[in-house]
Q: 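Provided herewith is a single structure, encoded as structure tokens, for subsequent inquiry.
In what follows, residues are counted from 1 in the order of the sequence shown. What you are looking at is a predicted structure, and each value in this text was computed from that prediction instead of being measured.
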Amino acid sequence: MFGVSVRGSCCYLWCKDGLKGFTYSALKFIVGKEEIPTHSFSPEAAFSKVDRKIKHGEKISQPMNILALTKNLMDKVCKHGPRHRCCKHYEDNCISYCIKGFVRMFSIGYLIQCCLRIPSTFRHLSTEPSRLLSLFYNKENFQLGAFLGSFVSIYKGTSCFLRWVRNLDDELHALVAGCLAGISMMFYKSTTISMYLVSKLVETIYFKGIEAGKVPYFPHADSIIYAISTSICFQAAVMEVQSLRPSYWKFLLRLTKGRFALMNRKALDVFGTEASKNFKDFTPKLDPRYTVVPPELPLELS
């Protein structure tokens with residue numbers, strides 16, 4: 001699902017005015033402006049920028065330390081290597097281009113996951129000081145980093161490889177690269193990311209169909225879809241809580257101050273949805289004056 005949605009999004013990425021808003025900005029940030037066909041990045045500007053950097057480096061004489069030697073070596077590795085004439089990463093060869101993409105997005109993914117864990121870590125820091133170490137050395141941190149890093153490196157590596165094989169650059173490369181980059185989801189399995197991308201792809205296809213006059217426009221369709229989706233989720237929260245995501249169930253409990261868990265779900269078991277499966281130990285106190293059968297725990301009337 002993730003691979004198919006990425007493939008479709010990359011296809012629209014190549015079309016004029018294909019993607020707009022957050023989806024376009026996110027893909028541009030992740031895969032880089034070099035893979036966006038509409039970016040304003042000319043070879044002349046790139047080479048003049050490189051020349052200015054070289055001249056500036058020649059003018060400034062500084063003592064050669066380890067950092068300077070390392071930087072010098074990295075520059076030589078990046079600038080002296082195979083790069084196809086159709087590739088737009090003018091300051092790097094194809095190999096360093098993919099490696100840099102992996103390192104960049106791995107670092108961003110690692111830092112994002114660290115930042116998400118900061119509130120919970122500092123909340124328990126006074127009682128559990130060892131939690132500070134888990135903030136930086138955690139499996140989820142590396143999983144998100146590996147997901148983003150491998151996604152970008154696979155996408156860029158496939159695009160470069162196809163440019164070398166076919167000796168041109170077109171939207172077919174984006175389709176193949178996007179599909180193969182979907183393999184990266186194995187490092188960070190998230191139905192939320194997959195469903196979001198699928199929904200944005202369907203939304204894009206729908207609005208493109210409206211612009212082409214092939215799909216009818218429904219007023220207030222977003223409100224209707226939201227209402228239907230909410231009703232389905234709430235029905236599941238009453239009749240079969242086990243089918244909901246645990247995070248969404250906790251959200252409903254916070255939203256209703258725990259009242260969603262106070263329903264007499266044993267009375268709903270007759271519908272065959274196992275409504276009381278997760279509430280076997282809960283028996284509500286009911287007023288016998290308003291029940292058809294005597295309740296197990298009658299409410300004591302004063």
Side-chain angles (χ1 to χ4, degrees), residues 1-9 22-23 26 109 112-113 116-117 119-121 123-124 138-141 143-144 147 182-207 215 218-301:
M1 184 184 291
F2 177 72
V4 172
S5 58
V6 171
R7 181 179 178 180
S9 301
F22 176 76
T23 308
I112 288 174
Q113 198 65 37
L116 291 175
R117 294 177 63 84
S120 61
T121 300
R123 197 181 304 127
H124 303 92
N138 187 275
K139 185 181 178 181
E140 291 183 2
N141 297 3
Q143 283 178 334
L144 183 58
F147 162 61
I183 301 171
S184 60
M185 181 59 77
M186 63 183 290
F187 293 110
Y188 189 80
K189 296 177 181 178
S190 172
T191 53
T192 304
I193 296 174
S194 300
M195 293 302 297
Y196 176 78
L197 283 177
V198 169
S199 64
K200 295 303 291 185
L201 179 60
V202 172
E203 179 186 332
T204 303
I205 294 172
Y206 174 65
F207 282 114
V215 179
F218 297 98
H220 310 295
D222 52 347
S223 302
I224 295 170
I225 293 172
Y226 176 75
I228 294 172
S229 303
T230 304
S231 66
I232 293 172
C233 290
F234 278 31
Q235 191 269 347
V238 174
M239 300 299 294
E240 41 184 340
V241 180
Q242 61 274 12
S243 64
L244 287 179
R245 289 173 62 90
S247 58
Y248 187 70
W249 173 243
K250 290 178 182 178
F251 165 74
L252 288 178
L253 290 179
R254 287 197 303 268
L255 191 67
T256 60
K257 295 183 179 179
R259 289 185 175 86
F260 241 120
L262 301 179
M263 296 181 182
N264 187 16
R265 287 180 168 81
K266 290 182 180 179
L268 301 175
D269 285 339
V270 294
F271 295 104
T273 59
E274 298 181 332
S276 65
K277 183 178 180 179
N278 296 341
F279 304 91
K280 296 295 184 182
D281 299 329
F282 174 73
T283 304
K285 292 183 178 181
L286 303 175
D287 191 337
R289 294 177 299 174
Y290 304 103
T291 59
V292 178
V293 295
E296 295 181 36
L297 288 177
L299 188 67
E300 296 180 2
L301 303 175

Q: At their closest point, which heavy atom of E274 faces which heavy atom of D269, and how far apart are they?
A: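 Distance-wise, the nearest heavy atoms are C-OD1, 3.7 Å.
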Q: So which heavy atom on F279 is nearest to which on K266, and how close?
A: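 Shortest heavy-atom contact: O-CE, 4.4 Å.
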Q: Got a second to check how far M239's CE is from M263's CE, nearest 0.5 Å?
A: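 So the gap between those two atoms works out to 11.0 Å.
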Q: Please report the interatomic distance CG(N141) to CZ(R117), rounded to the nearest 0.5 Å.
A: 6.0 Å
Q: Can you tell me how far the CD atom of E240 sits from the OG atom of S243, to the nearest 0.5 Å?
A: 4.0 Å
Q: Counting only heavy atoms not in Y206, do more than 12 fall under 6.0 Å of its OH?
A: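 Yes.
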Q: If you take all heavy atoms of A267 and V270, which pair is closest and at what distance?
A: O-CG2, 3.6 Å
Q: Starting at CD of E140, measure out to CD of Q143 and round the result to the nearest 0.5 Å.
A: 6.5 Å
Q: Might you point out which heavy atoms bring V241 and R265 nearest each other, and give the distance in Å?
A: CG2-NE, 3.7 Å
Q: Should R245 and T191 be marked as a side chain to side chain contact (heavy atoms under 4.5 Å, CB included) after you check the CA-CA gap, both sets of side-chain angles, and the distance that decides it?
A: CA-CA 10 Å; R245 289 173 62 90; T191 53; 2.6 Å; yes
Q: What is the distance from atom CD of E203 to atom OG of S199, rounded to the nearest 0.5 Å?
A: 7.0 Å
Q: Does F147 have any ring pair (Phe, Tyr, Trp, His ring centres under 6.0 Å) partners at least two apart in sequence or in another chain, and if so, which?
A: F2
Q: Enter the distance from M185:CE to L197:CG here, rounded to the nearest 0.5 Å.
A: 7.5 Å
Q: Show which side-chain atoms of residues 247-258 pair as donor or acceptor with protein atoms under 3.5 Å away, not counting sequence neighbours.
A:
unit_1	atom_1	unit_2	atom_2	d
T256	OG1	L252	O	2.8
T256	OG1	F260	N	3.4

